[in-house]
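Reading through the structure tokens given below for one structure.
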Amino acid sequence: SQAVGLDVALELANFITGKTNMHYGIWDGLQVNLANLGDAQEAYTKKLLSYLPKNKKLNILDIGGGAGETAKTLIKLGHQVTIIVPSPVLASHAKNKTLDKANIQLCTFEEFKPKNNELFDICLFSESFQYIPLKIALKKSKSLLADTGKIIISDCFRSNAMLTNKYRPPGGGHSLKEMYKEINLNELEIIIEEDITSSVSASIDLEQKFYNTLGSIIKRIFKSYRNRNKLTFKIIKIIYTVLFNHRKRMQLNDRLFNKSRNSEIFEFHNNYMIFLLKPRN
């Protein structure tokens, strides 16, 4: 079911934007709607790539490289790319997207073992850092760096705000406070850090608008169906109640018909950060 979900999400992203990006967008100067989603995601990619050393061909480890959209751009720029991806579905998409020019490793970052002790100029985490245990992510990526190598992390981190929502708030990731501790423990130097939370938070508003639109469609269909097919509607309602417990039904109802997931709540609970790190001399 997870593979099917990924495939559906990728096809939907490709249908809307013409690309298989599944990351946040940077919405500065853009109206928040589906028509601008592709431009917002391109702005995000442009921001991410601005952290790369200029005028140098790099050996890049794209950790959690998704469907290969970022790797495709990196290869076009002349860089050598190894993609780590744990999903066969994403690996297949990445292979096609990069025209088989990337070295695709079907495994988790924790399992990854470079051939011939290969080292990298850049270890890149683009919205994949939060899915790797913090104590492993920095330590291992540091061990994979060449002499002048650097780590680029672009991801969501939990702020120090207490959890006050009834349900889990939007966003996620490691604690930002713990991130700074781990940076110091691994003797890494912060070359650049940038907080782009306010630039990406509108992605949550767009997501909520999408679900609210689905909710409106479902409500209209159910209203019509209930009036015309009362017995069948009752049976469907019973099945729905059996398959989903009260909490799941409340979460789904909240997702489809309310606006509890929004940019304001996201900004309160999260910091979306970009870090450029290097080992201390």
Within a strict 4.5 Å, meaning less than it, do heavy atoms of the [X] and [Y] side chains meet?
{"X": "Q105", "Y": "T82", "value": "yes"}
{"X": "L145", "Y": "S141", "value": "no"}
{"X": "H79", "Y": "D62", "value": "no"}
{"X": "E187", "Y": "K142", "value": "yes"}
{"X": "F129", "Y": "L138", "value": "yes"}

Got a donor-acceptor contact below 3.5 angstrom from the [X] side chain to the [Y] backbone?
{"X": "T213", "Y": "K209", "answer": "yes"}
{"X": "K140", "Y": "E110", "answer": "yes"}
{"X": "S128", "Y": "G65", "answer": "no"}

Acceptor/donor pairs from residues 113-126 side chains to any protein atom, 3.5 angstrom cut, sequence neighbours excluded:
unit_1 : atom_1 : unit_2 : atom_2 : d
E118   : OE2    : N59    : ND2    : 2.9
D121   : OD2    : N59    : N      : 2.8
S126   : OG     : Y44    : OH     : 3.2

side-chain contact (heavy atoms from CB on, under 4.5 Å) for N103 and V81? Distances and angles first, verdict last. CA-CA 6 Å; N103 175 17; V81 182; over 6 Å; no
Taking all non-hydrogen atoms of both residues into account, name the closest pair between S50 and K47 and its distance. OG-O, 2.5 Å
Show the nearest heavy-atom pair for residues M273 and Y180, with the distance to one decimal. CE-OH, 4.0 Å
Please name the residue in the list S203, S198, S201 that meets the side-chain hydrogen bond (donor to acceptor under 3.5 Å, both in side chains) test with W27. S203
For D195, enumerate each residue passing the side-chain hydrogen bond (donor to acceptor under 3.5 Å, both in side chains) test, keeping only those at least two apart in sequence or located in another chain. T197, N271
Y131 atom OH, neighbour heavy-atom count above 12 within 6.0 Å: no
Around atom CG of D147, are there more than 12 heavy atoms from other residues, nucleotides or ligands closer than 6.0 Å? no
Regarding Q130 and D155, do their side chains bring together a donor and an acceptor under 3.5 Å, going by distance alone? yes
Cluster question for you: counting only ILVMFWY and a side-chain heavy-atom cut-off of under 4.5 Å, with indirect links fine, are L77 and I75 together? yes
Below 30° counts as parallel, above 60° as perpendicular, anything between as tilted: where do the rings of F275 and F157 land? perpendicular
Between F266 and Y24, what is the ring plane arrangement, given parallel below 30°, perpendicular above 60°, and tilted in between? tilted
